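Atoms within a ligand are numbered from 1 in the order they appear, just like the ligands themselves. It should be emphasised that the depicted structure is a prediction, and the values quoted were computed from it without experimental measurement.
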Amino acid sequence: MDITVLPLPPEKMKAKIADQSQLGFGKHFTDRMFLAEWTVDKGWHDARIKPYEPFVLDPACLVFHYAQEIFEGLKAYKWADGRIALFRPEMNARRFNHSAGRMCMPDVPEELFLEGIEQLVALERDWIPTAPGTSLYIRPTLIAVEPVLGVKPSDHYYFYVILSPVGAYYAAGFNPINILVEDRYVRAVPGGTGEAKTGGNYASSLKAGLEAKKRGYDQVLWLDGRERRYVEEVGAMNMFFAYGNKIVTAPLTGSILSGVTRDSVLNMASTIGCVVEERMIDINDLMADIRAGKVTEAFGSGTAAVITPVGKLCYKEDCLQLSGGRVGEITQKLYDTLTGIQTGKQKDEFGWVRFVG
Ligand code: COI
């Protein structure tokens, strides 16, 4: 499908953020966006790159009422030689369509997903920050825009992509965060939407997150929705626990998100001398293992969160420190390897990088 590039009038051009150390996460947006539409009769059509601007949408649109929405998150990096690299965007395209299937939305053809992103990023290349720890965050989104109040799949969708120059997801940067294991609320149940990247999963996590924040924690770690016993994920991250050189993570049982960074960690582990194990993690056993000194490090993985060290894990009355509250050796090595590949400082032996243009 041809992508039309609409002109960018000077009044739609924004000033770039001069101090890249102040970017934060998802607060600034570039000058242009990508948009394509799907209708029952025409399928995908009208793919265009246009100035970044608000949508005018009917208040009855299905997305506003029944949350028929999915999204993705990936990043672009500008290498020292000027090339622009995307990290495993095909994985995001595939997961997007997996989410679409669960939410009764049309697939976005992989070529349209990738081509839309690549052309947009190429046009917005001057927005890609280059300071250490920064990147251009890419947010593909699919929303239901049919204006009707009956509960049903929409007959009209917008697939759009916006870009945001970002720094670290957590304000503290690459420093250990404190996590509270959530034992009252649940994020997902078997057969639910936990494995789809849909906005409702994040909306329903807000209450637990806010209550945890009030108590001084950065994030909550969700347990399984049936027994509230097995470790699942931390909303914006999958979780890993290092037992010496063995890295353990929860299996993809259907209620946690299949993270691109999670998969990358599983693949990179052997290059830093680690073995991996995907298994059910009973929270009681985990706390006992931390207390006994068997768990030497914990970290989260995610596109936004990259590799985030965990300094403290608290469950009920029990609060335990990990790696002396510092960044562990394995966590640091995985962070260095991953960001090294993404930014071109380390050889991409996995073939994960896809260049734009
Ligand atoms: C990402 O890591 O890209 C995500 O989508 C997590 C988001 C909640 C910031």
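For the pair Arg32 and Tyr52, the cation-pi test (distance below 6.0 Å, angle within 45°) is failed.
Listed by number with element, the atoms of ligand 1 under 4.0 angstrom from any heavy atom of Phe71 are 5 (O).
With a heavy-atom cut-off of 4.0 Å, Lys197 touches ligand 1 through its side chain alone.
In terms of N/O distances under 3.5 Å, ligand 1 is approached by Ala304.
Pairs engaging residues 298-316 under the side chain to side chain donor-acceptor pair (under 3.5 Å) rule: Asp183-Lys316 [sequence neighbours left out].
Contact annotation: Arg139 has at least one heavy atom less than 4.0 Å from an atom of ligand 1.
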Between side-chain atoms of residues 241-252 and protein atoms elsewhere (two or more places apart, or another chain), which donor-acceptor pairs fall under 3.5 Å?
{"residue": "Tyr243", "atom": "OH", "partner": "Asp289", "partner atom": "OD2", "Å": "2.7"}
{"residue": "Asn245", "atom": "ND2", "partner": "Gly273", "partner atom": "O", "Å": "3.4"}
{"residue": "Thr249", "atom": "OG1", "partner": "Met239", "partner atom": "O", "Å": "2.6"}

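The aromatic rings of Phe113 and Phe159 sit parallel to each other, their planes meeting at less than 30°, with 60° as the upper class boundary.
Exactly one residue among Arg95, Lys197, Arg94 makes a salt bridge (charged side-chain N to carboxylate O under 4.0 Å, His left out) with Glu72. That residue is Arg95.
The option from Tyr202, Tyr137, Tyr169 that lies nearest to atom 1 (C) of ligand 1, judged by heavy atoms, is Tyr137.
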